[in-house]
Enquirer: 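Dropping a structure here in structure tokens format, bear with me for questions.
Proteins come first, then strands; the chains are lettered A, B, ... in the order of their sequence lines, and each starts at number 1. Because the structure is predicted, anything quoted here is derived from the model rather than measured. All values below were derived from every heavy atom in this structure, side-chain atoms included, with hydrogens, water molecules and symmetry-related copies excluded.
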Amino acid sequence: MKKIFVGNLPFSAQDHEIEALFAGIGNVHNVNLIYDRETGRARGFGFVTMDAEAADQAIQKLDGTLFGGRNLRVNEAAERKPRQNRW
DNA sequence: GTTGAGCGTT
């Protein structure tokens with residue numbers, strides 16, 4: 001499987017919409033849109049996991065596509081930053 | 001408005 005970064009999402013995007021979009025390319029294993037933890041507002045990006053081949057196709061086919069009035073950014077996800085210790 | 005979160009004790 002491969003993790004895909006999906007950026008430049010409209011704040012109105014819902015995870016099931018993203019799943020539907022990527023499901024047109026291949027089997028979607030997981031969708032994870034990110035919200036601001038304090039305000040609950042969408043942050044405009046998220047992550048999708050797919051089989052590696054499907055992820056490659058999705059990156060090729062969906063990067064730059066218009067979605068909800070915005071041109072999506074689709075790439076393989078960068079490594080998540082380590083969380084800073086709170087203790 | 002572009003690279004996640006929260007938890008626990010491995």
Enquirer: Which value, rounded to the nearest 0.5 Å, describes the distance between A:I18 atom CD1 and A:L9 atom CG?
Expert: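 Separation between the atoms: 4.5 Å.
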Enquirer: Distance check needed: B:dG4 P versus A:I4 CD1, whole Å only.
Expert: 17 Å
Enquirer: If you define the side chain from C-beta out and look only at heavy atoms, does anything of A:L21 sit under 4.5 Å from A:V48?
Expert: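 No, every pair of side-chain atoms sits at 4.5 Å or beyond.
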Enquirer: If I take atom CG in residue A:D15 and atom C1' in nucleotide B:dA5, what distance separates them, rounded to the nearest angstrom?
Expert: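 Nearest whole value for this atom pair: 15 Å.
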Enquirer: Does this structure show an ion pair linking A:K2 with A:D51, if we count only N-O contacts that are shorter than 4.0 Å?
Expert: no
Enquirer: Have a look at A:R41 and say if it touches a base, only the backbone sugar-phosphate, or nothing, with a 4.0 Å heavy-atom cut-off.
Expert: nothing
Enquirer: A:F47 on top of B:dG4's base, within under 5.5 Å and under 30°?
Expert: yes
Enquirer: Between P on B:dT2 and CG on A:N71, what's the gap in Å once rounded to a whole number?
Expert: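 It works out to 15 Å between those atoms.
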Enquirer: Provide, to the nearest angstrom, the distance between the NZ atom belonging to A:K3 and the C1' atom belonging to B:dG4.
Expert: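 Going from A:K3 (NZ) to B:dG4 (C1'), I get 8 Å.
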Enquirer: Return the 5'-most residue of the pair A:R73, A:D36 with respect to DNA chain B, ranking by each residue's nearest nucleotide.
Expert: A:R73
Enquirer: Has A:N8 got a side-chain atom pairing as donor or acceptor with A:N71's backbone, closer than 3.5 angstrom?
Expert: yes
Enquirer: I need the CD1-P distance between A:I34 and B:dT3, as an integer number of Å.
Expert: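 It works out to 11 Å between those atoms.
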Enquirer: Round to the nearest Å and state the distance from A:N32 atom CG to B:dT2 atom P.
Expert: 18 Å
Enquirer: Send over the distance from A:L9 CG to B:dT3 P, rounded to a whole Å.
Expert: 12 Å
Enquirer: Quick one: label A:L33 by what it contacts on the DNA or RNA (base, sugar-phosphate, nothing), any heavy atom closer than 4.0 Å.
Expert: nothing
Enquirer: Taking CZ from A:R43 and P from B:dT2, how many angstroms apart are they, rounded to a whole number?
Expert: 9 Å
Enquirer: Does A:F5 stack onto the base of B:dT3, taking stacking as ring centres under 5.5 Å apart and planes under 30° apart?
Expert: yes
